[in-house]
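Data first, discussion second: the structure below is written as structure tokens.
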Amino acid sequence: MQKAHLNRYLAAFAVVITLGGVISPAVPVNAATRYKTVSTKSIKKTAYHKKSRRGAIFNKTHTRKVSNLTAHPNTTWYASKRATLKHGNTKAIYLYVKNGKGNVKGWIWHNYLKKGKAPFVLSKAKAAVAMDAKTGKVVWGKHANTARPIASVSKLMTLYLTLKKIDGKSSNWNHKIKIKSRGLVSMSRSAACGGFHFKLNHKYTVRQLYYAAFLDSSNNAAIALGQWVSGSNAKFIRKMNAQAKSWKLGRAHFVSASGLENSDLRGYGYAYGKANANKVSAKDVALIARHLIRSYPRVLKDGKIKSMKVNGQTCHNYNNLLKGRKYYRASLKVDGLKTGYTPLAGYCFVGTGQKSGKHRVITVVLHDENEFTETRSLMNHAYSYRSMND
């Protein structure tokens with residue numbers, strides 16, 4: 001019993017020597033151990049973030065632990081007071097801190113923190129970028145130049161080339177496309193690859209296919225649009241790559257109009273090229289979105305449509321940052337743009353919005369299981385840069 005008691009005592013009162021030669025206590029494990037205040041003074045509000053994985057926040061007497069720092073991995077702490085606390089014969093400097101929301105606060109040993117705001121991170125996205133839509137400048141990125149599968153985000157290029165072909169002419173919007181491909185009809189009926197149902201030999205207008213591809217992310221509608229634009233699926237994909245090359249997108253390569261991988265398309269007769277998937281970097285995706293928005297701003301109006309009837313079918317927009325949806329935030333004023341998912345690509349999302357007094361932002365997250373939450377965080381972070389101010 002005496003040995004066990006001694007071990008607890010040593011653990012609770014372990015000490016470390018600071019660089020300045022002052023003996024400072026480690027975080028006590030005995031919550032009943034009291035710290036006495038030697039002196040306290042207010043200081044200018046100063047930002048700090050965690051220096052390492054160690055450390056915890058306590059009340060001033062150290063009789064209650066408020067929280068471990070590991071529970072707040074990317075938090076900026078704001079110090080407003082500085083105190084010298086005494087524990088036994090040991091004195092050490094502590095800071096009184098609060099997080100940004102002010103709901104976590106208490107005292108922490110100064111050596112567990114370092115000055116400056118916590119660096120912004122996205123923990124889930126495998127690649128991401130925030131771009132100033134006005135200047136085309138990337139304000140934040142994570143693996144921004146790494147080409148990755150992008151699933152239905154690919155349809156942004158398909159929509160661009162479709163709108164280029166339409167050229168604002170109502171006759172083109174109303175042009176009827178007859179579905180002769182049994183492969184496209186079969187694809188439209190697939191739970192994994194379809195969505196907007198096709199009938200064999202039925203005629204659909206370009207307008208109908210545009211909304212089916214944009215809002216409902218219909219793969220068969222996107223392929224049908226591509227065939228209308230260029231005459232064949234293969235010619236359209238070559239057009240996609242030619243357009244990417246003309247924009248100097250060095251990390252973009254397309255093998256499908258829809259974003260489906262060849263491993264899925266092969267069964268419907270629409271495989272193309274040697275690669276399995278469209279691969280585009282987050283930065284190049286943002287640049288495609290920027291070209292689309294600047295050349296055809298109507299996509300921002302269309303991108304806010306939450307659902308609509310198209311040829312008797314409901315096309316649902318899966319952008320959950322829109323008003324009335326789960327992740328909506330009024331201040332961000334999100335009005336687009338495109339979701340995407342395949343098992344290979346993961347959840348992908350291209351978002352855009354224009355906060356009051358700011359430039360429009362374009363965000364891209366690729367292979368992100370929390371795509372809307374992280375997009376929201378990324379937008380708010382992008383707006384923190386002065387360069388984004390009007």
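Quick note: numbers below take in every heavy atom, side chains included, and nothing from hydrogens, waters or symmetry partners. This is a predicted model, so every value here is computed, not measured.
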Please lay out, stage by stage, how Ser218 and Asn220 fare under the test side chain to side chain donor-acceptor pair (under 3.5 Å). CA-CA 6 Å; Ser218 167; Asn220 43 289; 3.1 Å; yes
Can you check whether Val280's main-chain N or O pairs, donor with acceptor, with Arg251's side chain at less than 3.5 Å? no
Going by the rule salt bridge (Lys or Arg N to Asp or Glu O under 4.0 Å), which residues pair with Arg298 if we only count those two or more places apart in sequence or in a different chain? Asp302
Exam field: side chain Asn320 to backbone Arg325, donor-acceptor pair closer than 3.5 Å: no
Could you give me the CA-CA distance, side-chain angles and deciding distance for Lys142 and Val121, then say whether side-chain contact (heavy atoms from CB on, under 4.5 Å) is met? CA-CA 8 Å; Lys142 174 184 179 180; Val121 298; over 6 Å; no
Out of Ile223, Val255, Asn276, which one pairs with Leu265 under the side chain to side chain contact (heavy atoms under 4.5 Å, CB included) rule? Ile223
Would you say the side chain of Leu156 lies within less than 4.5 Å of the side chain of Val299, judging by non-hydrogen atoms? no
Closest non-hydrogen atom pair between Asn262 and Gly273, with its separation: ND2-O, 3.8 Å
Has Lys306 got a side-chain atom pairing as donor or acceptor with Lys323's backbone, closer than 3.5 angstrom? yes
Quick one: pull up CG in Asp264 and CG in Leu344 and give me the separation to the nearest 0.5 Å. 9.5 Å
Side-chain donor-acceptor contact under 3.5 Å, Lys309 with Thr314: yes
Counting only heavy atoms not in Arg82, do more than 12 fall under 6.0 Å of its CZ? no
What I'd like to find out is whether the side chain of Thr63 reaches to under 4.5 Å of the side chain of Phe58, using heavy atoms alone. no
Quick one about Thr46 and Lys115 (side-chain donor to acceptor, distance below 3.5 Å, no hydrogens or angles considered), yes or no? no
Could you check Thr352, Thr363, Leu337, Val334 and say which one makes a side chain to side chain contact (heavy atoms under 4.5 Å, CB included) with Leu321? Val334
Check the angle between the aromatic planes of His291 and Tyr160 and answer parallel, tilted or perpendicular using the 30° and 60° thresholds. perpendicular
Would you say the ring centers of Trp107 and His62 fall short of 6.0 Å from each other? no
Rounded to the nearest 0.5 Å, what separation is found between the NZ atom of Lys180 and the CG atom of Leu184? 12.5 Å
To the nearest 0.5 Å, tell me how far Ile166 CD1 sits from Asn172 CG. 6.5 Å
To the nearest 0.5 Å, how far apart are NZ in Lys279 and CD in Glu261? 10.0 Å
Is it the case that the side chains of Asn74 and Lys50 hold a donor-acceptor pair, with the cut-off being a distance below 3.5 Å and no angle test? no
Relative to each other, are the rings of Trp140 and Phe120 parallel, tilted or perpendicular (30° and 60° limits)? perpendicular
Looking at Tyr318 versus His316, is the centre-to-centre ring distance below 6.0 Å? yes
Using the rule side-chain hydrogen bond (donor to acceptor under 3.5 Å, both in side chains), only one of Arg189, His202, Gln313 pairs with His197; which is it? Arg189
Does Asp167 use its side chain to pair, donor to acceptor, with the backbone of Lys169 at less than 3.5 Å? no
Verify side chain to side chain donor-acceptor pair (under 3.5 Å) between Tyr270 and Gln227, making sure each step is shown before the conclusion. CA-CA 11 Å; Tyr270 280 93; Gln227 290 176 320; 3.3 Å; yes
Nearest heavy-atom neighbours spanning Ile237 and Ala257: CG1-N, 4.2 Å
Donor-acceptor contact present, side-chain Arg376 to main-chain Tyr327, <3.5 Å: yes
Does Asn59 reach the main-chain N or O of Arg64 with its side chain, forming a donor-acceptor pair under 3.5 Å? yes
Parallel, tilted or perpendicular, as decided by the 30° and 60° cut-offs, for the rings of His72 and Trp77: perpendicular
Can a salt bridge be assigned to the pair Glu374 and Lys124 using a cut-off of 4.0 Å between side-chain N and carboxylate O? no
Using side-chain contact (heavy atoms from CB on, under 4.5 Å), reason through Leu215 and Ile305 one step at a time and then give a plain yes or no. CA-CA 8 Å; Leu215 301 181; Ile305 298 171; 3.8 Å; yes
Could you give the distance from CE (Met379) to NZ (Lys333), rounded to the nearest 0.5 Å? 13.5 Å
Donor-acceptor pair between Ser217 and Lys338 side chains, under 3.5 angstrom: yes
Indicate whether the side chain of Lys165 and that of Thr162 have a donor and an acceptor atom separated by less than 3.5 Å. no
Atom of Ser230, atom of Lys235 and distance for their closest heavy-atom approach: O-CD, 3.4 Å
Per the side chain to side chain contact (heavy atoms under 4.5 Å, CB included) rule, which among Leu322, Thr339, Asp216 passes with Asn317? Leu322
Can a donor-acceptor pair be found, under 3.5 Å and without considering hydrogens, that links the side chain of Ser188 to the backbone of Val185? yes
Classify the side-chain pair Thr40/Tyr96 by whether it contains a donor and acceptor separated by less than 3.5 Å. no
Can you tell me if NZ on Lys105 sees more than 12 non-hydrogen neighbours from other groups inside 6.0 Å? no
Less than 6.0 angstrom separating the ring centers of Phe198 and Tyr204, yes or no? yes
Going from CG on Leu85 to OH on Tyr35, what distance comes out if it is rounded to the nearest 0.5 angstrom? 8.0 Å
State whether a side-chain donor-acceptor pair under 3.5 Å links Asn111 with Lys114. no
Measure the shortest side-chain to side-chain distance between Met157 and Leu292 over non-hydrogen atoms and say whether it is less than 4.5 angstrom. no
Please report the C-alpha distance between Arg148 and Asp284 in whole Å, then the side-chain angles of each, then the deciding distance to 0.1 Å, and finally whether the salt bridge (Lys or Arg N to Asp or Glu O under 4.0 Å) criterion is met. CA-CA 11 Å; Arg148 298 190 54 84; Asp284 284 354; over 6 Å; no
Note: Leu209 and Ala224 closest approach over all heavy atoms is CD1-CB, 4.0 Å
Main-chain N/O of Ser256 paired to Asn278 side chain as donor or acceptor, under 3.5 Å: yes
Between the main-chain N or O of His253 and the side-chain N or O of Asn241, is there a donor-acceptor pair closer than 3.5 Å? no
Which heavy-atom pair separates Ser258 from Ala222 by the least distance, and what is that distance? CA-CB, 4.1 Å
At their closest point, which heavy atom of Val129 faces which heavy atom of Ala286, and how far apart are they? CG1-CB, 3.8 Å
Between the side chain of Asp368 and the main-chain N/O of Asn370, is any donor-acceptor distance below 3.5 Å? yes
Neighbour count >12 (heavy atoms, 6.0 Å) for atom NZ, Lys355: yes
Checking Lys86 against Asn89 for the side chain to side chain donor-acceptor pair (under 3.5 Å) test, could you report, in this order, the C-alpha distance in whole Å, the side-chain angles of both residues, the deciding distance, and whether it holds? CA-CA 7 Å; Lys86 186 176 181 181; Asn89 295 321; 5.2 Å; no
Does the cation-pi check pass for Lys51 over Tyr112, that is, NZ or CZ under 6.0 Å from the six-membered ring centre and within 45° of its axis? no
